[in-house]
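Report on one structure; see the data block that follows.
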Amino acid sequence: MEWLAGALPWGLGLLMAGGAAFRLRALRPDWMHALVLAVALTVSAVLMPLARIETLGHEAEYLEILLGTRGLDAGNAARMPAMQWLLWCMEGLGLGQRAALAVSLLSGALACVAWAAALGRMHGRWVGLVAGLSLALWGNLAAWSSSIYNVVLPFFFVCVAFWALSLLMDGEDPLGAGLLAGAAAGLAVALRLDTLWAAPAGLLLVVLNRPKAAARWGPGLLVGALIALGSLLAVRGTGELPGSGEWLGSFRMNSALLVYFEPFQRLWVLPAVLIGAGLGLRAKWRTWIPLCALVVSVHLAMAGFNDYGSRHLLAAGLALSACLGLCSTQRWAWLPLGVAGLGLVASLVDTRQRFYASEEHFAESVQSDLPQWSLQDLGDCALITEDERVAAEGEQLSHFNLWDPEEFAGLQAQHGCVLWLMGVQDYRWSSLAVRDRAMRVERLYDLEPLAVVSNSEDGYVALVLRVERARRWPSATLVRTLP
């Protein structure tokens, strides 16, 4: 059954995509597509220091399948059957971790090309070029393109689905376009459940633009929906989905957090985003209402997940990059577009510096004017840390113990004080996505830096922050308490 749950979506999806390939002659690569591909690969495969990569958490479980040390199982939302089956097949072909990394890097780059082609169909080649380049320079995508976790490959299929829908609206063969859109959408959800939240934007795109010959393109979309539904039911049958029963509290905590849109929420990028959205709504509202809905639906849906983070917002980045693309259509908008481009590059450089950064690099970034403490100086306060060098695994408190203000108040009452030991995992970018949790804590609470704690015997370093008061409303702005 485990084999079938993973193989069936791939079999149906590839069969549909093959049928579409016989009918579609739509992608005519040109220098613009080549430029987007070259920039995306340069950023993700050359600029990012791939030698630092460590395979951690759920990604390590996928790696075990790839190396043949773990068999297929029924899976769950973090270990999808279709992704397991792909890596199992790669292991059977003798392909190792380097091949899986190459697939991920290429998927991220081709996603940029597919989105550039889709926007080119809907708004013109130059809009597609700028949008594709903006996506390629996005540090969030560049970093996740280095991971064999099921993040970038499903995102690639989301982009292919939108490209197929752009072909459909542009009058290409409706049967081929419908087959390709359905195959890509179905595989995206089979590989990662939260890609499902891009579906409302795609459906709205179809409803508002009313492509002809629904009897020809409709079956392909229907089969894609059945693939997605089957994958959802297969995973749902293995147990509760992550975050189940905590939706309301998580939504209150996350819905106001914009930091995961980095850098599109920043003051030097946001004007270009708003200008582009306005230009798009004025030029082709039937296209831009769905794109605006894409940002809203993904953010609000995923805000109900207690471990919400930047990895969940790749699909929203499509609409945001499209906004920058629209700025290229008006000369007066070139200045904010240029400033936004600099913002993207600055954010990319920051991501590169944090990318699997070492503990030595983190120690250099910590405020040097603070007092130096040893572990014995921490006293009897409740310690928020998951580092075994400080607390045994069964005694650890984590970021999750701070999500509920009442639980935080209980820790304060029991221990008298709560200290967060911000360590290297909180600072650096890694596939564990601990930094996303750290940024949430920074916006949920008032924090007071007290000291730098270290242990020369094992190299442990952490910034000691007193967690003082839960904010009534999370801060949506950047709070510069953390390095």
### Query
Which of parallel (below 30°), tilted (30 to 60°) and perpendicular (above 60°) describes His299 and Tyr308?
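His299 vs Tyr308 ring planes: tilted.
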### Query
Which class fits the ring pair His361 and Tyr427: parallel under 30°, tilted 30 to 60°, perpendicular over 60°?
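Ring orientation of His361 relative to Tyr427: tilted.
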If you compare all heavy atoms of [X] against all heavy atoms of [Y], which two are closest, and at what distance to 0.1 Å?
X: Val418; Y: Leu411; result: CG2-CB, 3.9 Å
X: Val130; Y: Leu324; result: CG1-O, 3.6 Å
X: Gly139; Y: Thr351; result: O-CG2, 3.8 Å
X: Asp380; Y: His415; result: O-ND1, 3.4 Å
X: Ser146; Y: Ile53; result: O-CD1, 3.6 Å
X: Ala315; Y: Val298; result: CB-CG2, 4.4 Å

Is the number of heavy atoms from other residues, nucleotides or ligands within 6.0 Å of [atom1] ([X]) greater than 12?
X: Trp144; atom1: CH2; result: yes
X: Leu267; atom1: CG; result: no
X: Glu406; atom1: CD; result: no

Would you say [Y] and [X] are linked by a side-chain donor-acceptor pair, where the criterion is simply a distance under 3.5 Å?
X: Asn140; Y: Glu262; value: no
X: Asp426; Y: His399; value: yes
X: Ser374; Y: Asp377; value: yes
X: Arg389; Y: Asn455; value: no
X: Thr55; Y: Gln97; value: yes
X: Glu59; Y: Ser431; value: yes
X: Trp403; Y: Ser250; value: no

### Pair Phe251 and Phe305, ring centroids less than 6.0 Å apart
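Not under 6.0 Å, so no.
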### Query
Can you check whether His312 and Tyr260 have ring centres sitting under 6.0 Å from each other?
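So the answer is no for these two rings.
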Student check: side-chain heavy atoms of [X] and [Y] closer than 4.5 Å:
X: Leu421; Y: Tyr460; answer: yes
X: Leu314; Y: Leu141; answer: yes
X: Leu450; Y: Trp373; answer: yes
X: Phe162; Y: Leu318; answer: yes
X: Leu153; Y: Ser104; answer: no
X: Leu342; Y: Trp268; answer: no
X: Met422; Y: Phe362; answer: yes
X: Pro371; Y: Val452; answer: no

Give a yes or no on whether the backbone of [Y] and the side-chain of [X] come within a donor-acceptor separation of less than 3.5 Å.
X: Arg311; Y: Ala433; answer: no
X: Arg443; Y: Leu257; answer: no
X: Asn254; Y: Ala303; answer: yes
X: Trp115; Y: Ala131; answer: no
X: Trp288; Y: Ala277; answer: no
X: Arg192; Y: Asn150; answer: yes
X: Ser231; Y: Val189; answer: no

### Task
For Ser321 and Trp138, run side chain to side chain donor-acceptor pair (under 3.5 Å): C-alpha distance rounded to whole Å, both residues' side-chain angles, the deciding distance at 0.1 Å, then the answer.
CA-CA 9 Å; Ser321 65; Trp138 191 18; over 6 Å; no
#### Entry: Pair listing, disulfide bond (SG atoms under 2.5 Å apart) test, anchored in residues 421-462, at least two apart
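Counting only pairs at least two positions apart or across chains, no disulfide bond (SG atoms under 2.5 Å apart) contact touches residues 421-462.
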### Message
Test: disulfide bond (SG atoms under 2.5 Å apart). Region: residues 62-116. Which pairs qualify, not counting sequence neighbours?
### Response
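Matches after skipping sequence neighbours: none remain.
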#### Entry: Intermediate values then yes/no, ring pair (Phe, Tyr, Trp, His ring centres under 6.0 Å), Tyr445 and Trp420
CA-CA 11 Å; Tyr445 291 92; Trp420 174 27; 9.4 Å; no
### Message
Does this structure show an ion pair linking Arg70 with Glu91, if we count only N-O contacts that are shorter than 4.0 Å?
### Response
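Salt bridge between Arg70 and Glu91, a charged N being under 4.0 Å from a carboxylate O: no.
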### Message
For Thr69 and Glu64: C-alpha separation, side-chain torsions, deciding distance, then whether side-chain contact (heavy atoms from CB on, under 4.5 Å) applies.
### Response
CA-CA 5 Å; Thr69 59; Glu64 291 172 357; 3.4 Å; yes
### Asp350 and Arg354: CA distance, side-chain angles, deciding distance, salt bridge (charged side-chain N to carboxylate O under 4.0 Å, His left out) verdict
CA-CA 6 Å; Asp350 180 71; Arg354 296 177 184 274; 3.1 Å; yes
### Query
Under the ring pair (Phe, Tyr, Trp, His ring centres under 6.0 Å) test, which residues partner Tyr356, sequence neighbours left out?
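Tyr356: ring pair (Phe, Tyr, Trp, His ring centres under 6.0 Å) contacts with Trp429.
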### Query
Under the ring pair (Phe, Tyr, Trp, His ring centres under 6.0 Å) test, which residues partner Phe155, sequence neighbours left out?
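Phe155 satisfies ring pair (Phe, Tyr, Trp, His ring centres under 6.0 Å) with no other residue.
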### Query
For Thr195, which residues count as a side-chain hydrogen bond (donor to acceptor under 3.5 Å, both in side chains) partner, sequence neighbours excluded?
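Partners of Thr195 under the side-chain hydrogen bond (donor to acceptor under 3.5 Å, both in side chains) test: none.
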### Task
For Cys381, check disulfide bond (SG atoms under 2.5 Å apart) against everything at least two apart and list the hits.
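Partners of Cys381 by the disulfide bond (SG atoms under 2.5 Å apart) criterion, ordered by chain and then number, come out as Cys417.
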